[in-house]
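Please read the structure below before turning to the comments.
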Amino acid sequence: MPSLAVIGHPVAHSRSPDMQTAALAELGLAGEWTYGALDVAPADFEVTVAELAAAGDYAGVNVTVPHKAAALAMADEKSPAAAAIGAANTLSFRDGRILADNTDAGGLLASLPRSFAGEPVLVLGAGGAARAAIWALVEDGARVDVWNRTAARGEAVAAELGARAVAGPDPADYALIVNTTAVGLAGEDTFEALPLAPDSFTEGQTVLDMVYTEEPSALLTAAAAAGATVVDGLEMLVQQGALSLRIWTGEEPSLEAMRTAVRR
Ligand code: ATR
């Protein structure tokens, strides 16, 4: 009976177990496959994963904060996305070998209403989540500008991933705006912290906020009010999870079942 799990620290808040369990049930695999959560401290990560990979009952794991770089580092094989992003969110165990992938990149593209190839895109942030977004959008052919609070970090990430760093972007210039920062989670004023104003948005723009909260974020509320197409972090969570499940099971999971589970 193949097992799956999400490994994080902390992990209790993760929506992946409910979401993936619903997807497995919809595929008719619930009796065969299980998906749980493992809280593993950073010091124990490598040993734990090596044991899971060697034991044979685990098909793979999702990896979340703070383990994504460590997951990539210990892999025997790395997908081009994981290698370029410098992080893995999906590990597969095959014959004792560890294969690393990053479905945050494909999940981001899948959560968007269309491709932005050839169009100007603004990514806010330069951390791990930003690296996946920038790599995916550049790979898809978008012209990506990166703004980051700490400019030097934004410049370094942009140069490495084929994007351009900008200091004072005009939001109206972009077909797509992606917020990868956690601004909005800790109660900061989104429009103080980011180079955006509540009236920045236009119809025809798409705005993706990776933050996921119970209520729509201030960013998405303002964007929706302007008639922009909005995508939230839960849709990205669903899409990256669906890609991971496809890697492990070879099956096409029901996005609707996953969306319902994640929004419950
Ligand atoms: P993650 O892996 O989730 O991207 P991270 O690597 O810690 O997390 O990166 C956090 C990102 O959010 C960074 O781009 C950070 O900006 P700095 O590089 O200047 O630290 C950004 N960020 C966090 N809090 C912020 C705030 N209050 N205002 C603006 N940007 C913020």
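All ligand and atom numbering here is 1-based and tracks the order in the structure. Here, residue 1 is the first one in the sequence, and each next residue gets the next number.
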Cut-off 3.5 Å, side chains only: do [X] and [Y] have a donor facing an acceptor?
| X | Y | result |
| --- | --- | --- |
| S115 | D140 | yes |
| D101 | S79 | yes |
| N62 | S16 | no |
| Y174 | D145 | yes |

field: V231 with Y212, same ILVMFWY side-chain cluster at under 4.5 Å
entry: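 Not linked; separate clusters.
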- prompt: Among the clusters formed by ILVMFWY side chains lying less than 4.5 Å apart, do V144 and I85 turn up in the same one?
  reply: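 Yes; tracing contacts between hydrophobic side chains, which count when under 4.5 Å, links both residues.
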field: Parallel, tilted or perpendicular: rings of H67 and F45 (30°, 60°)
entry: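 Judged by the thresholds at 30° and 60°, the geometry between F45 and H67 is parallel.
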May I ask you to check if ligand 1 and [X] share an N or O to N or O distance below 3.5 Å?
| X | answer |
| --- | --- |
| A129 | yes |
| A130 | no |
| V183 | no |
| R153 | yes |

- prompt: Would a 4.5 Å heavy-atom cut-off, applied to side chains only, mark R143 and E119 as touching?
  reply: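 Heavy-atom side-chain distance check fails, nothing below 4.5 Å.
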Check each atom of ligand 1 against the heavy atoms of [X] and keep those under 4.0 Å away; list them by number with element.
| X | answer |
| --- | --- |
| G125 | 14 (O) |
| A193 | 28 (N), 29 (C) |
| A126 | 14 (O) |

Among all protein heavy atoms, pick out the one at the shortest distance from [atom]; state its residue, atom name and that distance to 0.1 Å.
| atom | value |
| --- | --- |
| atom 2 (O) of ligand 1 | G128 N, 3.2 Å |
| atom 26 (C) of ligand 1 | R149 NH1, 3.2 Å |
| atom 9 (O) of ligand 1 | G127 CA, 3.5 Å |
| atom 17 (P) of ligand 1 | T150 OG1, 3.5 Å |

Within 6.0 Å of CZ in R164, more than 12 heavy atoms from elsewhere: no
message: Minimum distance, heavy atoms only, to atom 14 (O) of ligand 1: which one of N148, T181, V65 is it?
response: N148
field: atom 7 (O) of ligand 1 touched by protein heavy atom at under 4.0 Å
entry: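 It does not; no protein heavy atom is within 4.0 Å.
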E188 and ligand 1 - part of the residue with a heavy-atom distance under 4.0 Å: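 Answer for E188: side chain.
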